[in-house]
Amino acid sequence: MRQYERYLFLHLLWPTVLVTLSLTGIIWLTEVLRFIDFMLNRGLSIGDFLYLTGLMLPSLLLIIIPIALAIAVIYTYNKLTGESELIVLNAVGVSKLGLSKPMVLMAVACMLVCYALSAYLMPIANGKFRDIHSFFRDKYASMLLEENVFNNPIDGVTVFIRSRDANDILHGILLHDSRNKAQEITLLAQNGRLIQGPSGPRFVLQDGQRQQVKDGKVSWLAFHDYTLDLSFYARDVQRPREPDERSIPELFTAAGATPHEQAAMRAEGHQRLTWPLFTLALPLLSLAILFSGEFNRRGQWKRVIEASVTMILIVMLFFMLRNMVVKHPWLVPSLYILVGLTLGAGLYMLATGRALQVRRLIRGWA
């Protein structure tokens, strides 16, 4: 690597790392806020907290890295143009393709990282996250029941509690169990506790009434002690894996899945194949827009805006198409066409030094 290429590469490296860490940190914090209450007030250990929330990082990094690199490219090359460093390099004979070489090397390295995340790390992390999710819900089952809120821990079970004391005893309990539609029951109790049984959590209720509707008649039963086995998560033992837990080959060879599940899996598979390519395509097109025309500091802000807006529109279009592919599989080629057009436009503009005259095309169509 030549000296100026190493200089540009290092100037691009640190903004890329900084933007990636910043965006990941912001999104990660918004995702983990719901766990902070359990850690601070309800006994979730810091180790469990960090392990559970850390499993979210591969999915976040896969989405963020291409966007972060494009932002870093716009920032770095605009800064170097504003300080006349790129103008000097171009004046001494370094072509625009030569100036873009460090960006391409960085993009290829990031693209390999994204493919590693997509093909290996992300499905493993997502699988572990869901595998231990039931364990944490069992371990902190009583903590998951919020006060003065109608909680739905599983389908068919609604729980309301008025308050919880320091000994984790629940007061003012209403529980409606409609898992068996033929024998729905409603329980009212003064006090109760959620404990762990052999098959999962169970309610031990005290001083209440049991109401059941059967054959159009309502029956009441007063009780002093009553135990209801909820078995919240027994169904999770053989739970089906979600698309983001599967490897890429599994997404295209899913056997026994319904047509809708197969469509969702294939959409996930095509996303994992195409999205890492935007690690190269987005920065390349952004840099091509910045390099369109002659180097001129006075008009550079317009190119920065054009590159930023173009990047945002492409990302929005990609995820819009990805969601549509689930219902309309015939749109799958559009994902590959979009990444191909983005790469092609960037290469054309860098090779020719010309800007795609989008505004003229729009005026011509109008």
Side-chain angles (χ1 to χ4, degrees), residues 29-46 48-49 51-53 55-56 126 129-242:
L29 284 174
T30 61
E31 292 291 326
V32 305
L33 283 177
R34 63 181 181 271
F35 295 101
I36 292 179
D37 179 59
F38 294 116
M39 183 183 69
L40 297 179
N41 302 320
R42 304 188 180 185
L44 182 65
S45 68
I46 183 65
D48 291 341
F49 170 80
Y51 180 66
L52 185 61
T53 56
L55 291 173
M56 302 177 183
N126 289 338
F129 180 86
R130 291 189 174 90
D131 286 341
I132 67 173
H133 198 202
S134 60
F135 166 76
F136 283 119
R137 289 189 302 179
D138 278 344
K139 186 176 179 181
Y140 304 103
S142 63
M143 301 175 188
L144 294 174
L145 299 177
E146 300 183 32
E147 302 171 20
N148 296 307
V149 172
F150 286 95
N151 301 272
N152 295 101
I154 59 173
D155 292 337
V157 175
T158 301
V159 181
F160 178 91
I161 59 173
R162 186 178 66 250
S163 62
R164 182 201 319 267
D165 63 23
N167 297 319
D168 208 25
I169 296 177
L170 310 176
H171 303 279
I173 301 170
L174 182 150
L175 188 150
H176 182 72
D177 186 356
S178 60
R179 289 175 293 180
N180 185 351
K181 297 298 183 181
Q183 295 182 351
E184 297 186 14
I185 62 173
T186 301
L187 299 168
L188 302 172
Q190 294 292 328
N191 306 303
R193 182 188 291 272
L194 193 59
I195 65 173
Q196 291 297 315
S199 61
R202 60 176 60 184
F203 261 115
V204 178
L205 306 176
Q206 296 177 335
D207 302 325
Q209 290 182 332
R210 178 182 185 273
Q211 173 186 332
Q212 181 177 357
V213 179
K214 187 176 181 180
D215 298 328
K217 297 180 180 180
V218 180
S219 61
W220 292 83
L221 173 66
F223 59 82
H224 178 68
D225 291 293
Y226 189 94
T227 301
L228 180 66
D229 190 356
L230 296 175
S231 300
F232 280 5
Y233 315 113
R235 59 179 184 153
D236 286 342
V237 175
Q238 300 295 332
R239 65 174 182 85
R241 290 189 297 164
E242 299 293 331

ask   = Does the side chain of Thr186 come under 3.5 Å of the side chain of His176 through a donor N or O and an acceptor N or O?
value =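 Side chains of Thr186 and His176: pair found under 3.5 Å.
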query = Listed by chain and number, what are the side-chain hydrogen bond (donor to acceptor under 3.5 Å, both in side chains) partners of Thr227, not counting sequence neighbours?
reply = none
ask   = What residues, two or more places apart in sequence or in another chain, satisfy side-chain hydrogen bond (donor to acceptor under 3.5 Å, both in side chains) together with Gln211?
value =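 If we apply the side-chain hydrogen bond (donor to acceptor under 3.5 Å, both in side chains) test to Gln211, skipping adjacent residues, there are no hits.
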Pairwise distance NE2(His171) to OG(Ser163) - rounded to 0.5 angstrom =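 Rounded to the nearest 0.5 Å, the NE2-OG separation comes to 5.0 Å.
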request  = Show your working on side-chain contact (heavy atoms from CB on, under 4.5 Å) between Phe160 and Val149 and close with a plain yes or no.
outcome  = CA-CA 6 Å; Phe160 178 91; Val149 172; 5.8 Å; no
task = Locate the shortest heavy-atom distance separating Leu188 from Phe223; write the atom from each residue and the value.
result = O-CZ, 3.8 Å
ask   = Mind checking what makes side-chain hydrogen bond (donor to acceptor under 3.5 Å, both in side chains) contact with Gln212, not counting sequence neighbours?
value = Arg210
task = Kindly compute the distance separating CD1 (Ile161) from CG (Leu170), expressed to the nearest 0.5 Å.
result =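 One finds 4.5 Å between CD1 of Ile161 and CG of Leu170.
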request  = Could you walk me through whether Glu242 and Asn126 pass the side-chain contact (heavy atoms from CB on, under 4.5 Å) test, one step at a time?
outcome  = CA-CA 9 Å; Glu242 299 293 331; Asn126 289 338; over 6 Å; no
ask   = Are side-chain heavy atoms of Asp207 and His224 found at a separation under 4.5 Å?
value =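 They are in side-chain contact.
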task = Check side chain to side chain contact (heavy atoms under 4.5 Å, CB included) between Asp225 and all other residues, then give those that pass, not counting sequence neighbours.
result =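 Here the qualifying residues are Gln206.
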ask   = CZ/Arg193 to CD1/Ile169 distance, rounded to the nearest 0.5 angstrom?
value = 4.5 Å
ask   = About how many Å separate CG of Leu205 and CG of Leu175, when rounded to the nearest 0.5 Å?
value = 7.0 Å
task = Give a yes or no on this: more than 12 heavy atoms of other residues, nucleotides or ligands lie within 6.0 Å of atom CD of Gln190.
result = no
task = Carefully, step by step, assess Leu187 and Gln209 under the rule side-chain contact (heavy atoms from CB on, under 4.5 Å).
result = CA-CA 6 Å; Leu187 299 168; Gln209 290 182 332; over 6 Å; no
